[in-house]
Amino acid sequence: MPEGFLGNDGTAEAALQRSLTAFNRERFDPALPTVDWRSGIDRNAAGLREEGDFLEERRTAVSARAAAAPTDAEGFLRWFEALETEGPGQHDPLFPWLAETATMEQMRWFLTQEVAGEAGFEDLSALTQVKLPARPKLEIARNYWDEMGRGNPKGMHGPLLESLAEHLGLAPTAEGTVWEAQALANVMAGLAANRRYAYHSVGALGVIEQTAPARAALVGKGLKRLGVPAGQRHYFDLHAILDVKHSAAWNSEAIGPLVASDPALAPAIAEGALMRLECGAACFRRYRRELGI
Ligand SMILES: [Fe+2]
Ligand SMILES: [Fe+2]
């Protein structure tokens, strides 16, 4: 673990991500009616404005590249699939290093960041599918059901990651999390929670499915090398395989039909995917810096 590490480094960006993380907790956590619900609405409005400025800044940063994507379904899918090799942060040297070289302590630090930045694919997809046409809606439903272990609590993806975290004794905290990992979760939550970014969210979730297998395989390999038992590595071994199928289905059932129905959705889906990949790339850079790679 980096000596004397302070997750959030006192910059304006770190303060913004902490504020958005708190906003998302308040927005999504189930709660009860309170007497001061009116003041809650005022706080929400301020949070939504702060989030909107943040998302627009991130969107502007990728809009030129997204605008170059073809707007016919076939051409767009080719462009989208090419993100696996050509997208920001793809095949970052961090992952072969985790597979071959990282110590257990370094692997634990990396996983603590990843667990803290985990936004919950199942909830993000549930938010995203609201009022979508039947074909993408059904694909998101099938994906959601897989996330839910098809009804078996032992197969739910979230708890699989939690059980690894527990096995390794990880203690993720907001203060110990680099702001880049919080930014990734805040982008995903913002795209899924605001309907004006519904198609961005489809792109961002789809690009996770497409790019996760290669990373998951290398993290799984590193865990195996470090002696973590197969039962505890299952989250990574599972995603190395299952997300290949999830990605193919997401592309053919959600992204392709949406772009075919309206070419104007292509740049939105492309922006969402690029926003997500840029967040990942920033995390990998920061992790490498902290880990001295
Ligand atoms: Fe999953
Ligand atoms: Fe998946």
Side-chain angles (χ1 to χ4, degrees), residues 28 77 80-81 83-84 87 89-90 95 98 110-111 113-129 132 135-168 170 172 181 184-185 187-189 191-192 198-223 228 230-258 269 272-273 275-277 279-280 283:
F28 293 125
L77 282 174
F80 193 86
E81 283 160 11
L83 291 174
E84 212 291 314
Q90 280 307 95
F95 292 91
L98 288 167
F110 161 79
L111 289 171
Q113 302 299 311
E114 291 287 284
V115 170
E118 173 58 45
F121 198 96
E122 78 285 19
D123 287 339
L124 297 173
S125 58
L127 289 164
T128 301
Q129 60 79 41
L132 284 186
R135 206 167 150 194
K137 197 181 193 46
L138 276 170
E139 179 49 38
I140 298 176
R142 284 187 287 268
N143 191 301
Y144 179 85
W145 193 231
D146 281 352
E147 287 290 324
M148 293 290 100
R150 303 190 171 200
N152 175 0
K154 288 204 177 89
M156 289 170 72
H157 293 191
L160 285 180
L161 182 59
E162 283 161 24
S163 110
L164 173 65
E166 209 171 294
H167 174 79
L168 296 177
L170 309 183
L184 189 154
V187 162
M188 293 307 296
L191 297 183
Y199 302 104
H200 287 74
S201 191
V202 169
L205 291 166
V207 92
I208 292 179
E209 298 291 13
Q210 191 171 279
T211 59
R215 289 194 300 271
L218 290 168
V219 175
K221 195 173 163 194
L223 290 169
V228 175
Q232 304 298 336
R233 302 194 306 266
H234 191 51
Y235 177 86
F236 288 99
D237 294 346
L238 172 75
H239 286 93
I241 308 281
L242 180 62
D243 281 352
V244 175
K245 186 178 144 262
H246 279 170
S247 170
W250 196 280
N251 290 359
S252 70
E253 296 303 301
I255 293 178
L258 284 171
I269 293 169
M275 287 165 78
R276 169 59 182 78
L277 290 179
C279 285
C283 284

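Computed from a predicted structure; not experimentally measured. Both ligands and their constituent atoms are indexed starting at 1 by order of listing. FYI, side chains are in, hydrogens and waters are out, and symmetry mates aren't considered; it's all heavy atoms of this structure.
Counting just the N/O/S atoms of H246, the one with the shortest distance to the Fe ion (ligand 2) is named ND1.
Among the backbone and side-chain atoms of D243, an N, O or S atom lies under 2.8 Å from the Fe ion (ligand 2). Residue H157 does not count as close to the Fe ion (ligand 2), with no N, O or S atom under 2.8 Å.
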Step-by-step side chain to side chain contact (heavy atoms under 4.5 Å, CB included) determination, L161 to F236:
CA-CA 8 Å; L161 182 59; F236 288 99; 4.3 Å; yes

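Judged by distance alone, the side chain of W250 and the main-chain N or O of V202 form a donor-acceptor pair under 3.5 Å.
Taking all atoms of both residues into account, the shortest heavy-atom contact from T211 to V207 is OG1-O, 2.7 Å.
Looking only at atom types and distance, the side chain of D237 has no donor-acceptor partner in the side chain of H234 under 3.5 Å away.
Rounded to 10°, the angle formed at the Fe ion (ligand 1) by NE2 of H239 and OE2 of E147 is 170°.
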